[in-house]
Amino acid sequence: MCIKQVPGVSEVKIDPNTNTLVREGVLSIINPNDRNAIELALMLKEKHKLEVIALSMGPPQAEEILREVLAMGVDKGVLLTDRAFAGADTLATSHTLSLAIKKILKESNSEEKYLIICGAQAIDGDTGQVPPELAEELGIPQITYVLNIELSEDKIVAERKFRATEIVIIETQLPALISVLNDINKPRYPSIAGIMKAYEKARLTYLDSNTLNADKSKIGLNGSMTEVRKIFIPKRRVNPIMLVGSNEEVVQKLCQHLKEDKIF
Amino acid sequence: MSIIIDEELCTGCASCMESCIYGAIELDNNIAFVLPNCNLCGACVEVCPEEAISLDRDDVKAQKIDISQFKGVWVVAEHYKKKIHNVSLQLLCKGRELADLLQVNLSLVILGTDFDDKLEEFSLYGMDEIIYIKSPILKDYYSDLYTKVITELVLENKPEIILIGATPTGRDFAPRVAKRLSAGLTADCTGLEINLETRNLLQTRPTYGGAIMATIRTPSSRPQMATVRAGIFKMPEKVKKNVNIRKLEYEFKEKDSVLKIVKVISKTRNSVNLEDAKFIVAGGRGVGSKEKFRIIEELAEVLDAELGGSRITVELNWLDPDRQIGQTGKTVSPKLYIACGISGAIQHLVGMQNSGIIVAINKDPNAPIFNWAHYGIVGDLHEIIPALIEEIKKTKSEQ
Ligand SMILES: Cc1cc2nc3c(=O)[nH]c(=O)nc-3n(C[C@H](O)[C@H](O)[C@H](O)COP(=O)(O)OP(=O)(O)OC[C@H]3O[C@@H](n4cnc5c(N)ncnc54)[C@H](O)[C@@H]3O)c2cc1C
Ligand SMILES: Cc1cc2nc3c(=O)[nH]c(=O)nc-3n(C[C@H](O)[C@H](O)[C@H](O)COP(=O)(O)OP(=O)(O)OC[C@H]3O[C@@H](n4cnc5c(N)ncnc54)[C@H](O)[C@@H]3O)c2cc1C
């Protein structure tokens with residue numbers, strides 16, 4: 001399972017007077033869709049015998065979200081943290097994640113049969129591109145925007161949101177990757193016993209670019225093809241024409257304007 | 001790799017602090033310094049009025065390719081029931097503009113079957129060329145087959161720009177193609193421009209739920225790939241011109257895909273088509289209750305408009321989920337958008353700010369929605385809307 005630490009959305013606000021960003025001590029949370037990914041993994045674990053590992057690439061503080069998911073019942077957490085990973089676009093992010101996944105699979109001898117669960121998209125970068133790019137990197141099939149899944153010995157059958165009015169049911173062999181929507185389940189809260197367990201040392205491992213044997217040209221800023229040129233806060237569009245008067249007057253004025261604008 | 005601040009040039013104006021979405025710049029003694037949680041996005045470099053900030057890159061880019069070999073703009077068509085999805089048509093309109101600036105061809109790439117008798121109709125949308133990949137299995141969408149066909153076509157034809165609809169289909173195969181080609185991909189663009197000197201595509205997109213806009217470029221890789229949501233760009237005018245048609249047949253078998261489509265379930269509900277609506281009347285929490293929403297519906301009826309709403313109205317069960325407008329709902333661009341009792345949260349605004357004329361009715365004169373509206377009325381919607389309905393009826397009967 002891949003999880004990402006993101007700023008709490010409510011923390012990113014715009015001051016309407018100055019049109020600048022207001023940030024009251026940026027609080028970080030688990031990306032909401034990734035909670036659904038964890039819940040799904042834990043539900044599958046209850047039904048089948050399997051080990052659930054959560055993987056996150058981020059700054060050292062991302063350890064907090066791994067502790068949180070360990071408390072929810074995840075077996076192991078892996079944190080990929082290194083200055084060299086910073087500035088990654090989705091190509092570099094998916095490459096880095098794939099290196100760690102390959103390493104974990106090799107060490108646990110499970111290269112033949114595994115399932116990667118991601119969130120459909122992260123609320124900050126919000127591209128939804130990491131899951132398909134990761135599947136491509138691992139050379140496994142993908143099913144994105146999943147609403148429901150059944151896992152059996154060597155295959156999955158998943159419901160995928162396809163169009164506003166259509167759902168498609170797709171079957172594929174394991175290993176595979178899915179990305180899940182928030183409609184899939186209601187994530188659980190950490191338990192007290194879980195919180196105790198989350199602080200057992202052996203449950204969290206750290207990997208950096210050296211332990212992953214990463215090619216420096218494929219990670220972080222260097223491995224990124226997209227470059228952020230400029231970041232700005234969207235401008236207000238127009239100065240509104242405020243219509244004043246009695247109710248009858250304002251609606252008359254409005255209809256007059258709309259006629260002039262050739263709406264009617 | 002690091003952000004370097006020239007302490008001698010820094011005046012402590014704090015522009016960089018404001019631009020940093022990670023909160024990774026602080027001032028010490030009126031000089032900016034970078035905290036360890038900096039993610040090297042480089043946004044501060046642009047905003048510094050003193051040019052005191054630079055992003056120091058190592059020179060070890062993965063591959064150096066000759067970008068001048070790449071020419072042409074492509075739009076990959078999304079289709080449904082033998083019709084091209086509006087988002088693809090809108091991309092043809094924008095694609096035409098970009099291709100003209102770059103003085104290259106615009107191509108529509110379509111993967112499917114049964115389109116032979118449709119190509120003439122499609123050719124009215126302003127492209128120079130249609131590349132039609134024909135195979136019976138491509139009646140349906142398979143991520144692996146799309147990826148294979150499109151990457152092979154790109155490697156052979158070398159287009160410089162590929163535009164794809166940000167639909168569940170486009171968002172599924174575009175990243176996979178980008179990865180196979182090691183090409184940069186920018187998601188959900190709302191603005192596309194060209195720098196004619198470098199031929200770079202400047203791609204503007206909302207992030208953080210629309211609170212922040214970012215302009216992104218992919219200077220060292222080709223093709224430059226971008227996805228765009230429906231309703232962002234205009235529909236093209238129909239034109240008659242000579243369109244070159246290239247038809248390539250593929251002999252795919254079902255077993256060539258690792259995916260098996262078990263079944264497609266259609267939800268039988270009347271499908272709502274907000275994306276194509278000319279007029280939309282939308283209600284927010286200010287409407288008050290499910291029963292009171294009736295007045296919004298009445299206004300929609302007299303205007304022959306589609307009904308929409310904010311996420312809260314969907315969460316409260318006042319409205320069907322497929323009528324939600326905004327970041328996690330639909331992106332719309334009707335000629336007229338009337339927002340009733342909607343505060344104008346950024347997540348709502350990103351879904352409707354491209355509308356032609358925006359009218360806001362809200363009892364709070366400081367509601368942010370007024371900053372985006374063309375016409376604003378401060379007052380109780382339950383008094384104003386009934387009056388408005390009468391006035392519209394009168395206006396209509398006069399015409
Ligand atoms: C303003 C701005 C705009 C950007 N625009 C683009 C762009 O257009 N194209 C581009 O390629 N990059 C872009 N990036 C970079 C991108 O945000 C990062 O690469 C980020 O690490 C992953 O992308 P995302 O947030 O979109 O994740 P998504 O692809 O939306 O995430 C989907 C899922 O992938 C998994 N996942 C994602 N990141 C991680 C992680 N670090 N650790 C573990 N699991 C993870 C999670 O399961 C998550 O739910 C942008 C960055 C900024 C700051
Ligand atoms: C990750 C994320 C994604 C989101 N996605 C979306 C999305 O896609 N779409 C969306 O809409 N929201 C979305 N939201 C929610 C968004 O942040 C706002 O909470 C929501 O849009 C507010 O809805 P509202 O304007 O109806 O309600 P409110 O903000 O409560 O506003 C109600 C307004 O009605 C006015 N009012 C009250 N009574 C009357 C009256 N009698 N007459 C006139 N005016 C009256 C009030 O002055 C107020 O301005 C998202 C939030 C998050 C965190």
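Values below: all heavy atoms of this structure, side chains included; hydrogens, waters and symmetry mates excluded. Order of the sequence lines fixes the chain letters, A, B, ..., with proteins taken first and strands second; residue numbering starts at 1 for each chain.
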Measure A/L258 against the heavy atoms of chain B and call it side chain, backbone, both or neither at under 4.5 Å. side chain

Looking at NZ of B/K263 and CD1 of A/I167, how far apart are the two atoms once the value is rounded to the nearest 0.5 Å? 11.0 Å

Contacting region of A/Q121 [heavy-atom separation from chain B under 4.5 Å]: side chain

Region of A/P59 in contact with chain B, defined by heavy-atom distances below 4.5 Å: neither

B/P365 portion near chain A, given a 4.5 angstrom heavy-atom threshold: neither

If one checks every heavy atom of B/L303 against chain A at 4.5 Å, the contacting part turns out to be side chain

Just verifying a value: how many Å separate A/D261 CG and B/I357 CD1, rounded to the nearest 0.5 Å? 4.0 Å

Side chain from CB out, backbone as N, CA, C, O: work out which of these in B/K394 comes under 4.5 Å of a heavy atom of chain A, or both, or neither. side chain

List for me each residue that meets side-chain hydrogen bond (donor to acceptor under 3.5 Å, both in side chains) alongside A/S98, sequence neighbours excluded, and say none if there are none. none

Heavy-atom distance under 4.5 Å to chain A: side chain of B/T204, backbone, both or neither? side chain

Give, as side chain, backbone, both or neither, the part of A/S179 having an atom under 4.5 angstrom from any heavy atom of chain B. neither

Residue among A/M225, A/E227, A/K230 satisfying side chain to side chain contact (heavy atoms under 4.5 Å, CB included) with B/R217: A/E227

Heavy-atom pair of closest approach, residues B/V264 and A/V168: CG2-CG2, 4.0 Å

Between B/V359 and chain A, which part of the residue has a heavy atom less than 4.5 Å away: side chain, backbone, both or neither? side chain

What part of A/Y145 gets within 4.5 angstrom of chain B, counting heavy atoms only: side chain, backbone, both, or neither? side chain

Region of B/Y80 in contact with chain A, defined by heavy-atom distances below 4.5 Å: both

Give, as side chain, backbone, both or neither, the part of A/K253 having an atom under 4.5 angstrom from any heavy atom of chain B. neither

For A/E159, which atoms come within 4.5 Å of any heavy atom of chain B: side chain, backbone, both, or neither? neither

Which bit of A/I170 is near chain B, if near means a heavy-atom gap under 4.5 Å: side chain, backbone, both or neither? both

Is it true that, when you exclude B/E193 itself, more than 12 heavy atoms of the residues, nucleotides or ligands shown sit nearer than 6.0 Å to its CD? no

Among B/N366, B/T395, B/V47, B/T227, which has the most heavy-atom pairs under 4.5 Å with chain A? B/T395

For the CD atom on A/E153, are there more than 12 heavy atoms of other groups (residues, nucleotides or ligands in this structure) within a distance under 6.0 Å? no

Whether B/F279 and A/F264 hold their rings parallel, tilted or perpendicular, with breakpoints at 30° and 60°: perpendicular

So, the part of B/D172 with a heavy atom under 4.5 Å from chain A: the answer is both

Taking side chain as everything from C-beta outward and backbone as N, CA, C, O, which of these in B/A178 sits under 4.5 Å from a heavy atom of chain A? Side chain, backbone, both or neither. both

Okay, B/S143 and chain A: the region with an atom under 4.5 Å from a heavy atom over there is side chain

